[in-house]
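Down below is the structure, laid out as structure tokens.
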Amino acid sequence: MEEHYDPAGVERAAQAHWEKSRTFEVREDKGREKYYCLSMLPYPSGRLHMGHVRNYTIGDVLARFMRMQGRNVLQPMGWDAFGLPAENAAMSNGVPPAQWTRQNIAHMRAQLKSLGFGIDWSREIATCDPSYYRWNQWLFLRMLERGIAYRKTGVVNWDPIDQTVLANEQVIEGRGWRTGALVEKREIPTYYLNITRYAEELLGDLEQLPGWPERVRLMQANWIGRSEGCEISFPYAPDTRAAMSAEGALKVFTTRADTLFGVTFMAIAAEHPVATAAAASNPTLAAFIEECRRGSVMEADVATQEKKGMRTGLHVLHPFTGQPIEVWVANYVLMGYGEGAVMGVPGHDERDLEFASKNSLPIVTVVRSKSGAYGEVRAPWIPEYGEYGITVNSGEFSGLEFRAAVGAIAASLEKRGLGKKRVQYRLRDWGISRQRYWGCPIPLIHCGTCGEVPVPDEQLPVVLPEDLVPDGSGNPLGKSAAFYSCACPKCGGPARRETDTMDTFVDSSWYYMRYACPDQDRSMVDERVAYWLPVDQYIGGIEHAILHLLYSRFWTKVMRDLGLLGMDEPFTNLLTQGMVLNHVYSQSQADGRRRYFNPADVRSRRDAAGTEVFEVTVPGGDTIRVDYQGLGKMSKSENNGVDPEGLVRRFGADTARLFTMFASPPEQTLEWSDEGVQGASRFIRRLWTAVYEHVRRGQPSGFDAGALTDPQRVVRRAAHHALAKATDDIGRRRNFNTAIAASMELLNTVGRFDDLSDQGRAVRHEALEIVTLMLAPIVPHVTHELWRALGHERAVIDEPWPAVDESALTQESVEFVVQVNGKLRGRVRVQRDADETVVREAALADEHVMKFVGGKSAVKRVIVVPGRQIVNVVVSAPPGQQDG
RNA sequence: GCGAAAGUGGCGGAACUGGUAGACGCGCUGGACUUAGAAUCCAGUGGGGAAACCCCGUGAGGGUUCGAGUCCCUCCUUUCGCACCA
């Protein structure tokens, strides 16, 4: 063993050992309990960032801990390799996305290896690999056969310059984020997956996921957004019948059927067919509809918009009274939810009230407050909005409370074919078409004669050409005849291949299954999936709480229904790690923008007035003052990232791992601190030195547990106490920071222990072994070396997690804390098994305690809590007052 | 607006079931070693009172309890998610 800790050498040796003995390559073993530990796969952006390091360290610690607990642990890794950044990089460098992506993967794989993650690299997958994405295509075709996948023309954000669809978050103030062009709403054909078919199950099964954070389950439930209500048909009046050239009715969905008699207008979305029909003969209305259409489709923007509307001039009839009701086009009605039309009840809905007031429409009250406790602001007979009351002015349905009113109205409507109770979900079908190059081709062929023809299974995969370079003007696949021209599989005539690719969320919806059988080329998954899945522990960012996790759950259920899987849910336990934050420094520029400076370049000092100022030396040698902006998520835009590669080079992977695990619990945000990193490094060196100083004196013999001195017994107790705590902290609580604190405490105890007798050294030996094993999952390299130094042949990675020696924890005497009226006043020591009377006597015999009790007669009660080693003496009055 | 989580020293955080508030680390102060610094080691470190010892302290105010950072009520602040969902 070297006297001084050299992280680079130690880490090289440990990693070489794992590689040589193929430590992390695993196979199915029915005889052992499996543990599938999965971290969300990274996008190969080029370099790891601290978020990755944190994510994968958490996973690796759990994987290594479970391995030591005897589980057959699978920890795989792969690449979410399709996506827009590769196309953008291609445009600026002229390099094909495939080449850029594969280079990035190579670099990041090396970075992951340098951090010592115990990954089974033999299972690595990249979603851009045809052997992977062919199964996206295969399953898509199965979905198409079952109607789960379908084609529909839908409204999207369209960038007219780039000729592509933009995601909502890529539209900034109505303009394309890259081109600055005014974004249009366009209706183009898109493939959808019918996730709403699974809405009920996706919602209900959340209850079966106790291992998920409550927060995530709630977010998913809100996203699915189940509401119970009624659909109600308002038959067309003659004018509407004429405009639509058909009989029919305007359908609405409402959760407040009890307010049906309060309807004073109908509001429909701009895209609603009735609106289109009305606009045909009404240019002003057509212009208004166009205006609504051009508006942002971002829901948050829509929410803050002023309520605007315009008469269609058409009418529908009230299903009970037969009264004609005016139909309005309103910008606050969403085409995508419910029926794209709502009944306007300004008496009992705040939005409808705002709209009615603006347009001078009548307001009718049909629900009276049940409680009689009326609001102060509103007229006394109107209940607060959202409150349920008793119906009034509602014909035969008057005098009913909410539930009864809805029931009676729905029943009556149903009898006449004008409505029924229904459940409505906020969740919408998943549009997966992207007019982009770097993604999985959608396996369809458009034939002039046969129409839309699926690519036959035997022609899969539809391989994405890897040599194209996008130029920013639309999808290069659409310009590549070599790709799109093909023969129709049905008639053999010339046909055109679909050039849209799939949303990359498709790729990440099932990659975790493929890790079980990455080499299977005959089927999407095989029986090995039954062994490894579901994932026992999934770890990733909270930003995926809804989309990725919901899509994966949906995908699993679809595969189950196709008979490919025997599970309902893919991820048993979910840990959402917090963000990594760092300080943000910037200076405002002449053009009003801010220029950001990396915290590593910022120095702080006190100025003449004693206030802290921050300075940066810029290229050229000038020193400038910068403003401190507080903490922010590590990001490129705020230039506050810490490069993991530099950190590993300077301190070693173990320090990087130890700091990220120690600074805060995994679910909380982690604040970067250079001093904290130094502290982590210091601790590892202290541990190294402690072992070095110990082993250079030679191996001690074993100790006789029955013949230890008191200080020796204290050290043993500390060691086993720390071990018990770390076992619980890692295994149950997932609080790695307190497990590390326990090991630091133990090392402090060992450091103060200066007994160099053979028994003393034997006790120290055990304590150092325990601290080494406790830390093995967290700092695997240094513990690999220390374990050898402590005299072991077998590598620490193959050691079982140590067992707590309960006998080391027991003490002859225990200390009780004595309180008087809940305030700490003394401590007494009694025999371990002393009964309550003895404890009480000892407490009352304590001089200091009695001073606060003020005489035995003042004692009202004595409470002894044996489990907590606490005695509380209850006194009627404080002694000061008694005396005075 | 709705929903959720969280407010503890100079800082990150600990206190898991209501039972010794501030573990562990950072920083700071003093000391040792050193020509000097860095590194390392030792001691101290919530606030107040000279001190043994006492008082006060977990966002604010009330309550329950022998005992409250922890439970309940009201309020304040911050963060996150959703946001015209009919």
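The figures that follow rest on heavy atoms only: side chains count, while hydrogens, waters and symmetry mates do not. Residue numbers start from 1 in every chain, and the chains themselves are labelled A, B, ... in the order their sequence lines are given, proteins ahead of strands.
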With sequence neighbours excluded, residues passing side chain to side chain contact (heavy atoms under 4.5 Å, CB included) with [X]:
X: A:A718; answer: A:L746, A:T749
X: A:S681; answer: A:F651, A:T655, A:R685
X: A:R861; answer: A:I863, A:V874
X: A:R840; answer: A:L844, A:V862

Compare side-chain N and O positions of [X] against OP1 and OP2 of [N] and report whether any pair is under 4.0 Å apart.
X: A:R752; N: B:rC42; result: no
X: A:H848; N: B:rC54; result: yes
X: A:R215; N: B:rA5; result: no

Rounded to whole Å, how long is the line connecting atom [atom1] of [X] with atom [atom2] of [N]?
X: A:F683; N: B:rC41; atom1: CZ; atom2: P; result: 12 Å
X: A:I546; N: B:rG81; atom1: CD1; atom2: P; result: 9 Å
X: A:F265; N: B:rA86; atom1: CZ; atom2: C1'; result: 11 Å
X: A:N748; N: B:rC41; atom1: CG; atom2: C1'; result: 13 Å

Side chain of [X], base of [N]: donor and acceptor closer than 3.5 Å?
X: A:R685; N: B:rU40; value: no
X: A:K307; N: B:rC84; value: yes
X: A:E350; N: B:rG1; value: no

What's touching nucleotides 69-72 of chain B from the protein side, N or O pairs under 3.5 Å?
none

- Item | Partners passing ring pair (Phe, Tyr, Trp, His ring centres under 6.0 Å) against A:H720 (at least two apart in sequence or in another chain) | none
- Task: Tell me, please, which residues at least two apart from A:Y692 pass ring pair (Phe, Tyr, Trp, His ring centres under 6.0 Å).
- Result: none
What does [X] touch in the nucleic acid at a heavy-atom separation under 4.0 angstrom: a base, only the sugar-phosphate, or nothing?
X: A:Q819; value: base
X: A:V333; value: base
X: A:L218; value: sugar-phosphate
X: A:R734; value: nothing

- Pick one for B:rG9: is it syn, with its angle within 90° of 0, or anti? syn
Can you pull every protein N or O that's under 3.5 Å from an N or O on nucleotides 26-34 of chain B?
from: B:rC26; atom 1: OP1; to: A:R682; atom 2: NH1; distance (Å): 2.4

- Message: If you assign A:M579 and A:K823 each to the RNA chain B nucleotide with the nearest heavy atom, which residue ends up on the more 5' nucleotide?
- Response: A:K823
- Query: If you pin A:Y337 and A:W223 to their nearest nucleotides in RNA chain B, which one's is more 5'?
  - Reply: A:W223
- Taking only the side-chain heavy atoms of A:R426 (C-beta and beyond), determine which of B:rU20, B:rC24, B:rC82 contains the nearest atom. B:rC82
Using a 3.5 Å cut-off and no angle test, enumerate the donor-acceptor pairs between side-chain atoms of residues 333-341 of chain A and protein atoms at least two apart in sequence or in another chain.
from: A:Y337; atom 1: OH; to: A:S227; atom 2: OG; distance (Å): 3.1
from: A:E339; atom 1: OE2; to: A:R422; atom 2: NH1; distance (Å): 2.6

- Task: Can you run through RNA chain B from 5' to 3' and write each base as (, ), [, ], | or . depending on how it pairs? Watson-Crick or G-U wobble, both distances under 3.5 Å.
- Result: (((((((..(((......[....)))((((((.......))))))((((...))))..(((((..]....))))))))))))....
Return the polar atom pairs (N/O with N/O) between nucleotides 6-9 of chain B and the protein under 3.5 Å, or none.
none

- Query: Can you give one letter per nucleotide of nucleotides 12-17 of chain B, 5' to 3': B if a protein heavy atom sits under 4.0 Å from the base, S if only from the sugar-phosphate, - if neither?
  - Reply: BSSSBB
- Message: Check this for me: does any side-chain nitrogen of one of A:E354 and A:K358 sit under 4.0 Å from a carboxylate oxygen of the other?
- Response: yes
